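Everything quoted here is computed from the prediction, not taken from an experiment. We use all heavy atoms of the structure for the numbers below, so side chains are in, but hydrogens, waters and symmetry mates are not.
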Amino acid sequence: MVFRYGGQKVSRVLPRWWLWVVFAHALGLMSSFDAMMSTRTAPGAVAWIVSLNAVPYAAVPAYWVFGRTRFQGYVLSRRDDDTMLAEKLSSKLAELHSRRYSRDPSDRHLSGIEKLAKLPILAGNHVQLLVDGEEAFGSIFAGIDAAKRYVLVQSYIIVSDMIGLKLQEALTRKVAEGVEVYLLYDEIGSYELSAQYLDHLRAAGVKVHHFHSNRGPGNRFQLNFRNHRKIVVVDGQYGWVGGFNMGEEYLNGHPSLGHWRDTHMALEGPAALALQLVFAEDWHWATEEVLDLPWYPSAHSGHAAPVLILPSGPADRFETASLMIQQAIHSAHQRIWISSPYFVPDEGVQTMLKLAALNGVDVRVLIPERPDNVLTYWAAYAFLGTLLEAGVKVYRYQDGFLHGKTFLVDNSMAAVGTVNLDNRSFRLNFEVTALVLDEAFANAVEAMFEEDFTRSRAMHLDELNQLSFWHKARSRAAYLFAPVL
């Protein structure tokens, strides 16, 4: 730097640390433009822009690791007309469409959800609600044992404990019987899974791969995208989906949180092939292989339920999961009951919940009393008061940790899946939901909710009004991070 003193030119060399400060702020400014152009929500963009310019030393690396909301590359392999995957699956998609449920034209809300799913509502399915670990794991492992041709397993978390070892044993046994077995896991969710566990499966002939969330241009340093789906498909006829990962705590409870209250569902019929399609897309992304599996859609002969399999994720053109929830709330005439372990919905969902309650709909939200995520737990206190004021009933589950992701609309539609009501599930995670249009299944979900309500306490405005200043300040501070959690 050169400046004048007493008519003399004086040069001064800036200290090296000052150059690093300038460089850091320049990177923060450039990253701000990327955040402004690519972050899906205005609050999220503002949060990143402020932090990138105020504290670029920490925010810049955090943004490029955690801040992206578009999964570059995967979108190219997701039913794109020019991809090998779409070409291979086109005939299979045509077969699925031949099993389309003939819905009433007046059910316009179902048309929008079908467009989001890019799949039709499929008729002719047998469905079963699975409550808690004993029912869920019993059904899943019995299904795997009965496999004749192939088994597809996808899980966010696999732990090499009692359940994980049971899965390992079941899959290796099926390979020995001549059954094709594919296992897909999320490398971030299953970060503790040992190489020995995976090597044992591969040596037995199981085709194993992680989701490869950092594959593709712009994703190399990403840790933000997770494949949160939990899917099992057997022979293209039987499927399982819901909240259960492969770990012992989902059966016997968590050491500090207690009993693990979760929900899964089993289905038989054409909807199992829709789950298979979701798995095939994820497998193609992870391995660049197109699964060529037998494809025999067949309707269940007994009581048949229409089912829509709705995958969602950061490769979608629209915010599929958030729009699905908003449409479900909008379509409710008598009630909308929702269960979610992580409840920090975006403003659109909050507005729909309040409007439904003000219109006289019975709106109930069931969330845990004991958190396993402190930030989302505290952030919820920042807006629960306005929901209660509008007439939304909020229940906190007392008997352990609530992990089920379900909702019930009137007595006509119920859903079980992997979607939490938070920014991560809405915009960052790959998720999947099964929506069932069947009164008998809705009755089973209603009975499950009623039992959960007896094990919960209702929140009241008084308890929120009596919170200390520091409690409220901590909640508001946590809520500021909601768009980037």
For Y342 and Y377, what are the C-alpha separation, side-chain angles and deciding distance, and is it a ring-ring contact (aromatic ring centres under 6.0 Å, His included)? CA-CA 7 Å; Y342 312 109; Y377 174 81; over 10 Å; no
Under the side-chain hydrogen bond (donor to acceptor under 3.5 Å, both in side chains) test, which residues partner S160, sequence neighbours left out?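 Listed in chain order: nothing, the list is empty.
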Tell me yes or no: between the side chains of [X] and [Y], is some donor less than 3.5 Å from an acceptor?
{"X": "N429", "Y": "R424", "answer": "yes"}
{"X": "S322", "Y": "Q326", "answer": "yes"}
{"X": "H259", "Y": "D132", "answer": "yes"}
{"X": "Q398", "Y": "S456", "answer": "no"}

Counting only pairs under 3.5 Å, give me each side-chain donor-acceptor contact of residues 149-159, with atom names and distances, residues two or more places apart or in other chains.
residue, atom, partner, partner atom, Å
R149, NH2, D235, O, 2.8
Y150, OH, G236, N, 3.1
Y150, OH, Q276, OE1, 2.9
Y150, OH, Q276, NE2, 3.3
Y150, OH, P294, O, 3.0
Q154, NE2, N227, OD1, 2.9
Q154, NE2, D282, OD2, 2.8
S155, OG, I157, O, 2.8

So, the side chain of H264 versus the backbone of A136: is there a donor-acceptor pair under 3.5 Å, distance only?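 Side chain of H264 to backbone of A136: no pair is present.
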Report the relative orientation of the aromatic rings in H209 and W283; use parallel for angles under 30°, tilted for 30 to 60°, perpendicular for over 60°.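 H209 and W283: perpendicular rings.
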Going by the angle between their ring planes, with limits at 30° and 60°, are F279 and Y182 parallel, tilted or perpendicular?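 Aromatic pair F279/Y182 classed perpendicular.
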Among residues at least two apart in sequence or on other chains, which ones pass salt bridge (Lys or Arg N to Asp or Glu O under 4.0 Å) with [X]?
{"X": "E451", "answer": "R455"}
{"X": "D161", "answer": "none"}
{"X": "R100", "answer": "E114"}
{"X": "D452", "answer": "R261"}

Test side-chain contact (heavy atoms from CB on, under 4.5 Å) applied to L408 and I336, step by step: CA-CA 6 Å; L408 174 65; I336 172 79; over 6 Å; no
Hey, does E289 have a side-chain heavy atom less than 4.5 Å from the side chain of K207?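 No, every pair of side-chain atoms sits at 4.5 Å or beyond.
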Contact between F426 and S312 at the side-chain level, heavy atoms closer than 4.5 Å - yes or no?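 No, every pair of side-chain atoms sits at 4.5 Å or beyond.
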When rounded to the nearest 0.5 angstrom, what is the spacing between [atom1] in [X] and [atom2] in [Y]?
{"X": "D346", "Y": "M352", "atom1": "CG", "atom2": "CE", "result": "11.5 Å"}
{"X": "W285", "Y": "L184", "atom1": "CH2", "atom2": "CG", "result": "13.0 Å"}
{"X": "W337", "Y": "F407", "atom1": "CH2", "atom2": "CZ", "result": "15.0 Å"}

